[in-house]
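For reference, the structure discussed in these notes is given below.
Computed over heavy atoms, backbone and side chain alike; hydrogens, waters and symmetry mates excluded. Chain naming here is simple, since letters A, B, ... match the order of the sequence lines and numbering starts at 1 in each.
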Protein chains: 2
Amino acid sequence: MEKQTITIYDVAREANVSMATVSRVVNGNPNVKPATRKKVLEVIERLDYRPNAVARGLASKKTTTVGVIIPDVTNMFFSSLARGIDDVATMYKYNIILANSDENNQKEVSVLSTLLAKQVDGLIFMGHELTDSIRAEFSRSKTPVVLAGSIDPDEQVGSVNIDYVAAVEEATHQLLESGNKRVALATGSLTHPINGQFRLKGYKQALEKASVAYDESLIFENEPSYQAGLALFGKLQKVGATAVIAGDDELAVGILDGALDKGVKVPDDFEIITSNNTKLTEMTRPQLTSIDQPLYDIGAVAMRLLTKMMNKEEIEEKTVMLGFDILKRGSTK
Amino acid sequence: MEKQTITIYDVAREANVSMATVSRVVNGNPNVKPATRKKVLEVIERLDYRPNAVARGLASKKTTTVGVIIPDVTNMFFSSLARGIDDVATMYKYNIILANSDENNQKEVSVLSTLLAKQVDGLIFMGHELTDSIRAEFSRSKTPVVLAGSIDPDEQVGSVNIDYVAAVEEATHQLLESGNKRVALATGSLTHPINGQFRLKGYKQALEKASVAYDESLIFENEPSYQAGLALFGKLQKVGATAVIAGDDELAVGILDGALDKGVKVPDDFEIITSNNTKLTEMTRPQLTSIDQPLYDIGAVAMRLLTKMMNKEEIEEKTVMLGFDILKRGSTK
DNA sequence: AAAATTCAGTAAAACGCTTGCATTGCCTTT
DNA sequence: AAAGGCAATGCAAGCGTTTTACTGAATTTT
């Protein structure tokens, strides 16, 4: 018994109506007499008909699918965003094609290209840098794009973020306030605007307000990994830092463990504020004080924004900035 | 200047060949004279032509897209599998539609249905239970399916796992060996075969070999969350357990922190072995001894298996079992 | 009661591509 | 030199929908 794909045509024949009518009932078009609708629905049920989304996509030029480019699903920061994205997508009947990029420009471009070939209705991009080649791909198509947890200094496309300048300024301020003379800043590459422009700016502003001189040797560029953090602590000690602001939670946990492993007391002898408030921050002892970014919400809002764009609705502001907090826990005094 | 979608037809016209020929060069069909190929390629380049994958999918009945159903991307266990899946998928030119199910049967069924409507070429399913309704959806279509890190006791579909019985037996054995009289088992719901059938079986086997009586009060069903673990530790103390095997790493971290918070020494007064060896296990102090499942590989192998199925290649064994280890760290003596 | 309007439904043309089959040259064979 | 074979290409029929334009019938308006 070969399984025969059954089409809209079969349904039409069985129900004694035209394909168009079947299409209307499937799509909830009101121009169908209730009796007809019922009849068609019965046939659909009986035949176990399931509309072919590919054919639909070709005819309607809509795939109800959005592409999501993520550096690494395995990183809690991004997976939290992704979860928010998916939930809202589902809510609006979209599906998500998820692609890992490792922040590798070549992969990003190539994956972007195949997503566009697949005719996604929209794109959500995560990653710390928006290179020119990516930007070029974006503008090459008219597919709407939203950045989630990522910054476009030029504000060409939509984006959802928190105010990184203010957040880091506040965190630095707190660390300075509690008596630290040498507060280090450990982020990813400074070539990424979020680090080199925003976080660094907030950091400097706080120093300035406290009349503390800026010392470049307190700035560290790292991979956002536990191992990197572990190794970093030694360097922090070497430059005489007594506190650090970490741009990534895994990194922060690494720093914490690095300190603990050397018998350094946190927060008594060393303070840490991290940036993403992922689950990790609660799991350590002491727990990590963190900038509280609403990760899930950033993803959710980004996707919501994208739905509006795909719908060609009026957008009041395509760069949205969500609020943040500093969540005090055990890694600061 | 409206952006006009440019089609294979435009390329054909500009290159003075038929659509068929263009299609052939795009698809790498060898039956094209090098000179013609070159000419077509040039036009493609000049016109910036990008084949429409939806149309392709309709015509060829292949979408080069696979559906991935995951309980929650935010859970490291699953995101690690997902990463393996995506990498191999990319390697074989597939994309992944990722959908979170929360292990909720209704969501699973509904998402499965929309994935099939989207004509995915294959499916990877993660989740601890394969309900009848899901199984029914599976067999309703002829789309190949592989379970990753999940068990189908009936072996109807492909699956990639480790030998959970042996793993838990070994873990239990070690805990018994080091002098624990009362070893607890903390997993998710026992209605899930992986827990109720496999892990429990391994646990019992170890007890039996050590001539220790089985005591039901040492078995705990929990959510795989940090909070649940935190709360669980009290209960473990109450029943006099001095060691536990946790089915989930977040749960294990919770238990560990629960112990630490009460001043109980790990591993001296309480031992813990967890199950998934995610990054988390390295981040705690002490670090967690764990069953070492090759998470990434499970995903990768599952996807590889799926590619074979989609290719209709001969499959030697559709239930594959990967090796495991017990990685000794600080949470056991 | 004729005209205008709305409602239900039909037919058929896209949508952009793949692919089986047919065709055309151009070489080899004999 | 006729016949056969093969490589390269073209033709056109799908693939399963949506959607536009249209038609009749039913209903309302005047």
Side-chain angles (χ1 to χ4, degrees), chain A residues 3-41 43-44 47-65 93 114 116-121 141, chain B residues 3-41 43-44 47-65 93 114 116-121 141-143:
Chain A
K3 199 159 303 180
Q4 186 61 53
T5 61
I6 102 112
T7 75
I8 200 174
Y9 186 78
D10 300 315
V11 176
R13 181 169 30 71
E14 289 286 314
N16 286 311
V17 296
S18 72
M19 298 164 46
T21 301
V22 177
S23 175
R24 287 198 191 93
V25 351
V26 168
N27 291 292
N29 182 312
N31 274 15
V32 181
K33 191 160 43 173
T36 317
R37 178 186 306 279
K38 180 147 174 285
K39 183 174 58 177
V40 171
L41 250 18
V43 174
I44 286 179
L47 262 43
D48 195 20
Y49 166 70
R50 175 186 287 152
N52 179 323
V54 175
R56 232 133 103 127
L58 183 58
S60 69
K61 294 169 169 294
K62 286 189 182 141
T63 54
T64 62
T65 303
K93 313 274 184 215
T114 96
L116 290 173
K118 291 206 171 171
Q119 314 294 118
V120 293
D121 295 338
S141 80
Chain B
K3 199 159 302 180
Q4 185 61 52
T5 62
I6 103 111
T7 75
I8 199 174
Y9 186 79
D10 300 316
V11 176
R13 182 168 28 72
E14 290 286 314
N16 286 311
V17 297
S18 70
M19 297 166 47
T21 300
V22 177
S23 174
R24 287 194 191 95
V25 352
V26 168
N27 291 291
N29 183 314
N31 275 13
V32 181
K33 190 160 45 170
T36 318
R37 178 186 308 279
K38 180 147 175 286
K39 182 175 58 177
V40 171
L41 251 18
V43 175
I44 287 180
L47 264 42
D48 194 20
Y49 165 70
R50 175 186 286 152
N52 179 323
V54 174
R56 236 135 100 125
L58 184 57
S60 68
K61 294 170 168 291
K62 286 188 182 142
T63 54
T64 61
T65 303
K93 311 276 184 213
T114 96
L116 290 173
K118 291 207 169 168
Q119 315 296 117
V120 293
D121 294 338
S141 80
K142 45 160 68 77
T143 310

Check: B:Asn31 main-chain N/O paired with B:Asn29 side-chain donor or acceptor under 3.5 Å:
yes

Rounded to whole Å, please give me the gap between CG in B:Asn52 and C1' in C:dC15.
8 Å

Under 4.0 Å, counting only non-hydrogen atoms across every strand here, what does A:Ser18 touch: a base, just sugar-phosphate, or nothing?
base

Given atom CD1 of B:Ile6 and atom P of C:dC15, what is their separation to the nearest angstrom?
14 Å

Phosphate OP1/OP2 of C:dG16 contacted by B:Thr5 side-chain N/O (<4.0 Å):
yes

Could you check whether B:Asn29 gets within reach of a base, just the sugar-phosphate, or nothing at all, counting any heavy atom under 4.0 Å?
nothing

Could you check whether B:Ser23 gets within reach of a base, just the sugar-phosphate, or nothing at all, counting any heavy atom under 4.0 Å?
base

Choose from D:dA8, D:dT17, C:dT10 the nucleotide whose nearest atom is closest to any side-chain atom of A:Ala59.
D:dT17

Spacing between B:Gln119 atom CD and D:dG16 atom P, to the nearest angstrom:
9 Å

Is it true that a side-chain atom of B:Lys118 and a backbone atom of A:Thr64 form a donor plus acceptor pair closer than 3.5 Å?
yes

Nearest whole Å is fine: how far is C:dG16 P from B:Ile8 CD1?
12 Å

For atom CZ of A:Arg56 and atom P of D:dT18, their distance in whole Å:
5 Å

Side chain of B:Lys33, heavy atoms from C-beta onward: which of D:dC11, D:dA8, D:dG16 has the nearest atom to it?
D:dA8

In terms of the nearest nucleotide of DNA chain D, which residue is placed more toward the 5' end: A:Met19 or B:Val17?
B:Val17

Short side-chain to backbone donor-acceptor contact, B:Ser60 and B:Arg56, under 3.5 Å
yes

For the pair B:Thr143 (side chain) and B:Ser141 (backbone), establish whether a donor and an acceptor sit closer than 3.5 Å, ignoring hydrogens and angles.
no

Within the pair A:Thr36 and C:dG9, is there a side-chain N or O less than 4.0 Å away from OP1 or OP2?
yes

May I ask you to verify if any side-chain N or O of B:Tyr49 is less than 4.0 angstrom from the OP1 or OP2 atom of C:dC17?
yes

Separation of D:dT9 P from B:Arg13 CZ (nearest whole Å):
19 Å

Ignoring the backbone of B:Lys61, work out which of D:dC15, C:dC17, D:dT18 is nearest its side chain.
D:dC15

Specify the separation, in whole Å, of atom OH of B:Tyr9 and atom C1' of C:dA14.
14 Å

With the side chain counted from C-beta on, respond yes when B:Val32 and B:Arg37 share a heavy-atom pair under 4.5 Å apart, and no when they do not.
yes

Heavy-atom closest contact (B:Gln119 atom, B:Thr63 atom, distance)
O-OG1, 2.9 Å

Just checking B:Thr21: base, sugar-phosphate only, or nothing, at a heavy-atom cut-off of under 4.0 Å?
sugar-phosphate

Return the value, rounded to whole Å, for the distance between atom CG of A:Asn27 and atom P of D:dT19.
7 Å

Is there, by distance only and without an angle test, a donor paired with an acceptor across the side chain of A:Arg24 and the base of C:dT10 below 3.5 Å?
yes

Just checking B:Asn31: base, sugar-phosphate only, or nothing, at a heavy-atom cut-off of under 4.0 Å?
base

